[in-house]
Protein chains: 2
Amino acid sequence: MTSSSLAGRSGIPLLYREVKKQLIADIQSGAVAPGGALSNESDLAKRFDVSIGTVRRAVDELVADNILVRQQGRGTFVGRLDRARFMFQFFKIAARDGTREFPQVRLHSFARSRATPAEARALALQGAAPVFRIENILALQGRPVIHDHIVIAAALFPGLGKRMFEQRAGTVYELYQSAFGLTIVGADERVRAQAAGESSARLLGLSPGDSVLRIERLALTFDNKPAEFRVSIVDTREFDYVSSAQPTA
Amino acid sequence: MTSSSLAGRSGIPLLYREVKKQLIADIQSGAVAPGGALSNESDLAKRFDVSIGTVRRAVDELVADNILVRQQGRGTFVGRLDRARFMFQFFKIAARDGTREFPQVRLHSFARSRATPAEARALALQGAAPVFRIENILALQGRPVIHDHIVIAAALFPGLGKRMFEQRAGTVYELYQSAFGLTIVGADERVRAQAAGESSARLLGLSPGDSVLRIERLALTFDNKPAEFRVSIVDTREFDYVSSAQPTA
DNA sequence: AAGTGGTCTAGACCACTTG
DNA sequence: AAGTGGTCTAGACCACTTT
């Protein structure tokens, strides 16, 4: 292949940012698959016509964002959105004693319908665009604790069906990643307390009016583009939403 | 002063980690004050007998942790825990439309008493150690929204009194930093929904039993040592707890 | 003009994994 | 032994701020 070196330092586009963009493009195009290895650093340096240090800086940032994973002596890999990463990066519910456990997920409903105005706004969709609307019940320690309502744009998930969703091997985000080439890289969450509605109360074994936690999560893909809108109703009698912001070391 | 070079690469202590430790020690000892400038990078490199690149790596991490602030052309400074930083790093309550506003704080009670077992556990104190117990009411848009209950070990804040606390110029954490040399660098938070108690309901204008958010925050200083335990009761009828985890760019 | 941090380079050497 | 990432160095050159 012809070597495609990067922009020539004209409008001050930082070299390592350009390298980062290219690496992201490789992931989005499928040129490197989830779990697959990147070229080694000296080859990347040759390909982009920069020094190894510049490649390392670009990779450093992608590693900090949990998008790439380095393994000394082995290589650098595209991070899979597997259970371990989901627990680490996205699942913030822990038992009172701090114990964290991967939830047992049961599909409650799967439907194709249209976005409400609020959903369209969150997902940056035009009008009442077609969406998939999915409800899950998540159990911890054998008891239903979380009632999830997922909304995703149908246009981003061509061919998605109930069976495919239900019979996925790993996490929901891993399905997005492996079957639709859509990588969730971050999320904005808004949390508040409210009285449980009738449906959530029934599904979680509560009385209507009991206090529950409501989490709105907007999951984002590259460039902070919204990809999934999710409302989670959590019974916090025995579990907490945890958020840690500690210096690295 | 006699140059004190760092460990001689014996037990594989990473050089940049050692530099980082020394810079933190300078902050804790008061050798560089909050808001004050560090030596320039080449002087730091000489002092620690390492290359500038190694100094930069240490400073990079401290900047990422919001402990230092770089200003190109001016220097590198110890970050002050002022309002802007408090809003950015610690205050996670926002109006439904996303608006963020620094709260108006009113002292409700100030007392010296002893730690409960749970508080002693959180703060890593022995037995029923002496603590200060402070209640604040925080108002947003002119209405009381948050009822804070702060617990701090008396031993860490010698000479703290009600007047000093009430008449502080800036944020609570800035008082800790400037008057007691204690820098808050991070926090662990646990959030859940519960029915409002009598006291919080009265102070926030709610009916007992209304759903409120309960936030337990353990604020940490260097080495993740606990420094403050705080319970915040939040009226989330018009405000949310927000948590964002987006890639840097 | 002088001083600061910011980017990028080229290369030495080390630590770890695999064949 | 060969190949990978990890640390550290020394220095060029640029961008920004202050005097």
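Because the structure is a prediction, the values reported are computed rather than measured. Side chains included, hydrogens not; waters and symmetry mates left out as well; all remaining heavy atoms used. Quick note on labels: first sequence line is chain A, next is B, and so on, each numbered from 1.
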Q | Spacing of A:Leu44 atom CG relative to D:dG6 atom P, expressed in whole Å | A | 13 Å

**Q.** Nearest-angstrom distance from the residue atom CG of A:Leu14 to C1' of D:dC14
**A.** 11 Å

Q.
Would you say B:Asn40 places a side-chain N or O within less than 4.0 Å of OP1 or OP2 belonging to C:dT4?
A. yes

(Q) Do B:Glu228 and B:Val172 make a side-chain contact, defined as non-hydrogen atoms from C-beta onward lying under 4.5 Å apart? (A) yes

Q) Between A:Ile52 (CD1) and C:dT9 (C1'), how many Å, whole number? A) 11 Å

**Q.** Residue list, salt bridge (charged side-chain N to carboxylate O under 4.0 Å, His left out) with B:Arg57, at least two apart or on another chain
**A.** none

Q: Side-chain contact test, heavy atoms from C-beta onward, threshold under 4.5 Å: evaluate it for A:Val59 versus A:Leu68 and give yes or no.
A: yes

Q) Rounded to whole angstrom units, what separation is found between the CZ atom of B:Phe48 and the C1' atom of D:dT7? A) 18 Å

(Q) Let's test your reading of the pairing rules: Watson-Crick or G-U wobble, both distances under 3.5 Å, then write DNA chain C as a dot-bracket string with ( ), [ ], | and dots. (A) ||||||||||||||||||.

Q. Quick one: do the B:Glu189 and A:Tyr241 side chains pair a donor with an acceptor below 3.5 Å?
A. no

Q) Could you state the CG-P distance from A:Leu68 to D:dG6, rounded to the nearest angstrom? A) 12 Å

Q: Can you tell me the distance, in whole Å, between the NZ atom of A:Lys46 and the P atom of C:dA10?
A: 13 Å

Q: Would you tell me if any nitrogen or oxygen in the side chain of B:Arg56 comes within less than 4.0 Å of OP1 or OP2 on C:dG6?
A: yes

Q. Does D:dG11 have OP1 or OP2 sitting under 4.0 Å from an N or O in the side chain of B:Ser51?
A. no

Q: Would you please say whether a donor-acceptor pair under 3.5 Å links the side chains of A:Arg163 and A:Gln167?
A: no

(Q) Regarding A:Asp26 and A:Arg47, does a basic nitrogen lie under 4.0 Å from an acidic carboxylate oxygen? (A) yes

Q) Between A:Phe157 and A:Phe132, is a ring pair (Phe, Tyr, Trp, His ring centres under 6.0 Å) present by the stated rule, with each step listed? A) CA-CA 9 Å; A:Phe157 300 88; A:Phe132 292 108; 7.3 Å; no

Q: By nearest nucleotide on DNA chain C, pick out whichever of B:Ser42 and A:Thr54 is the more 5' one.
A: B:Ser42

**Q.** Spacing between A:Arg17 atom CZ and C:dG6 atom P, to the nearest angstrom
**A.** 13 Å

Q: Please work out which residues in residues 69-81 of chain A have a non-hydrogen atom less than 4.0 Å from an atom of DNA chain D and list them by number.
A: A:Arg70, A:Gln71, A:Gln72, A:Gly73, A:Arg74, A:Gly75, A:Thr76

Q) Do A:Phe48 and A:Gln22 come close enough that some side-chain heavy atom pair is under 4.5 Å? A) yes

Q | SB check A:Asp240 A:Arg96 (cutoff 4.0 Å) | A | yes

Q) When the distance from CD of B:Glu61 to C1' of D:dT7 is rounded to whole Å, what number comes out? A) 13 Å

